[in-house]
Engineer: 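Following this message is one structure expressed as C-alpha cells.
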Amino acid sequence: MKIVVIGGTGLIGSKVVRLLSEHGHEAVPASPGSGINTLTGEGLEEVLRDAHVVIDVSNSPSFADDDVMAFFRTATGNLIEAGKESGVGHYVALSVVGSDRLPESGYLRAKHMQEGLLRESGIPFSIVRATQFFEFVGAIADSATDGDTVRLPDAGVQPIAAQDVASAVARTAAGAPLNGTVEIAGPEVLTMDEWIRTALAFRKDPRTVVTDPDARYFGAHPGPDGLVPGPDAQLATTRLADWLPANPSPVE
Ligand SMILES: NC(=O)c1ccc[n+]([C@@H]2O[C@H](COP(=O)([O-])OP(=O)(O)OC[C@H]3O[C@@H](n4cnc5c(N)ncnc54)[C@H](OP(=O)(O)O)[C@@H]3O)[C@@H](O)[C@H]2O)c1
C-alpha cells in the first residue's frame, strides 16, 4: 500500500516510515523539508495521489495555547480536504490519552479538537491515543524547571517508548479503519514526579525534582487518573528500566 506519513521526519514519524517500509509498504515521509506543508496545503494533492492511507504524526512547532490550536485546526482541515479529493481510504491520527478529559490544557484542547475534525470528516479513520513518550522526559523537566528545581505533580502516568508508539501506529495504519479510538500505553503506572526524578538521576542531571501536588502539567491538574488509559488500552512491553540504559542521553 502507498502510505503517506505527515510528519515523517519526526520522532514517531521516522520510526513509522521505517517499520512500514520493512513490511513492504510504499511509505512516503512528508514534511515541510520535502515540500509538503499541511498549514499552507503545499504539495498535499501531489503526495496523496494514489495513496491508500494517510498517517498524521505531525506536531506544532510552538506549544503556546493559541499556536497549537491554530496549527492542528488548519493542518487537519487542509489534510481532510486533500484526503477527500484524493479518495484516501484510511486516515490515522496520533493523539494523547486524556485529551478528552483535561480541557484546561491548551495542548490537549487542540488535540481533542483535531480528533473531532477527523471524526466528522467522512473519511474512514483511526485515532491512536498514546500516553507520554519516555523520550519526552527532557521537555517535561525543562517545562517545570526553575533554577535547579523541577516542580512536578504526583499525577499518574503510564509512559511509553516512542518505538512502541510507532509500532502501534504502523500496525493500525496497515489494518482496517477503526472508525474509533484505540489507547496505547507503557506497561507500568508511575507518578510524574517519580518518573522524571528517576530519569534525571539516571542521566546524572543535577536538578532536584520536587513533588508539588498543585503543580500543573501543560496547564492541567491531571490527578491520579487524568493521563492514565482505560482498561482496554493496548500495553507495550518496554519498561522505563529497559529504556533508560538504551537512552542514557537526551534525544530531544
Ligand atoms: N510527546 C508525547 O509524549 C506525546 C504523547 C502522545 C501523543 N503525542 C503526539 O505525537 C505526535 C508526534 O509527535 P513527535 O514528538 O513525533 O513530533 P516531532 O518529533 O516534533 O515531529 C513533528 C513532525 O511534524 C512535521 N511538521 C511540522 N510542521 C508541519 C507542517 N506544517 N506540515 C507538515 N509537517 C509538519 C515536522 O517536520 P520538520 O521535520 O520539517 O520540522 C516533523 O516531521 C504529535 O501529534 C503529538 O501530539 C505526543
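Just so you know, these numbers come straight off a predicted model, no measurement behind them. When reading the values below, keep in mind they use all heavy atoms of this one structure, side chains included, and skip hydrogens, waters and symmetry mates. Ligands are counted one by one from 1 in listed order, and the atoms in each one are counted from 1 as well. Along the sequence shown, residues are numbered consecutively beginning with 1.
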Engineer: Applying side chain to side chain contact (heavy atoms under 4.5 Å, CB included) to Q114 and D56, what does each step give before you reach the verdict?
Structural biologist: CA-CA 11 Å; Q114 177 194 18; D56 184 5; 3.4 Å; yes
Engineer: Under 4.0 Å from a heavy atom of V96: which atoms of ligand 1 are those, numbered in the order shown and with their elements?
Structural biologist: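 Per the distance check, 6 (C), 7 (C).
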Engineer: Quick check: G10 and ligand 1, any N/O pair under 3.5 Å apart?
Structural biologist: yes
Engineer: With respect to atom 35 (C) of ligand 1, which of P32, A110, G7 exhibits the smallest heavy-atom separation?
Structural biologist: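 Considering heavy atoms of P32, A110, G7, the nearest to atom 35 (C) of ligand 1 sits in P32.
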Engineer: Is it the side chain, the backbone, both or neither of F134 that has a heavy atom closer than 4.0 Å to ligand 1?
Structural biologist: neither
Engineer: Should the proximity of F133 to ligand 1, defined as any heavy atom under 4.0 Å, be assigned to the side chain, the backbone, both, or neither?
Structural biologist: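 For F133, the contact with ligand 1 is made by both the backbone and the side chain.
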Engineer: Mind telling me whether F134 and W243 have parallel, tilted or perpendicular rings, with 30° and 60° as the class edges?
Structural biologist: tilted
Engineer: By the definition side-chain hydrogen bond (donor to acceptor under 3.5 Å, both in side chains), identify the one residue from D148, D142, T149 that meets it with R207.
Structural biologist: D142
Engineer: Mind checking whether A75 has a heavy atom under 4.0 Å from ligand 1?
Structural biologist: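 Judged by the 4.0 Å heavy-atom criterion, A75 does not count as contacting ligand 1.
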Engineer: Tell me which part of D56 gets within contact of ligand 1: side chain, backbone, both or neither, using heavy atoms under 4.0 Å.
Structural biologist: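 D56 to ligand 1: no contact under 4.0 Å from either part.
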Engineer: Checking S95 against E115: is there a side-chain donor and acceptor pair closer than 3.5 Å?
Structural biologist: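 A pair is found: one side chain offers a donor N or O, the other an acceptor, under 3.5 Å apart.
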Engineer: Quick one: look up the protein heavy atom nearest atom 19 (O) of ligand 1 and list residue, atom name and how far away it is.
Structural biologist: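 Result: L11 N, 2.8 Å.
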Engineer: Nearest protein heavy atom to atom 31 (N) of ligand 1, by residue and atom, and its distance?
Structural biologist: N37 OD1, 2.9 Å
Engineer: Looking only at heavy atoms, is any part of T131 under 4.0 Å from ligand 1, and if so is it the side chain, the backbone, or both, or is it neither?
Structural biologist: backbone
Engineer: At under 4.0 Å between heavy atoms, which part of R129 makes contact with ligand 1: side chain, backbone, both or neither?
Structural biologist: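 The answer is neither; R129 stays 4.0 Å or more away.
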Engineer: Is the Y91-F125 ring centre distance short of 6.0 angstrom?
Structural biologist: no
Engineer: Tell me: protein heavy atom nearest atom 36 (C) of ligand 1, and distance?
Structural biologist: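 Atom 36 (C) of ligand 1 sits closest to the protein heavy atom T9 OG1, 4.1 Å.
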Engineer: Considering distance alone, does some N or O of S95 sit under 3.5 Å from an N or O of ligand 1?
Structural biologist: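 Not met; the criterion fails.
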Engineer: Among protein heavy atoms, which sits nearest to atom 44 (C) of ligand 1, and what does the distance come to when rounded to 0.1 Å?
Structural biologist: S58 O, 3.3 Å
Engineer: Taking both backbone and side-chain atoms of Y107, is any N or O found less than 3.5 Å from an N or O belonging to ligand 1?
Structural biologist: yes
Engineer: Just to confirm, does any protein heavy atom lie below 4.0 Å from atom 40 (O) of ligand 1?
Structural biologist: yes
Engineer: Students should be able to answer this: which protein heavy-atom is nearest to atom 11 (C) of ligand 1, and at what distance?
Structural biologist: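 For atom 11 (C) of ligand 1, the nearest protein heavy atom is L94 CD2, 3.7 Å.
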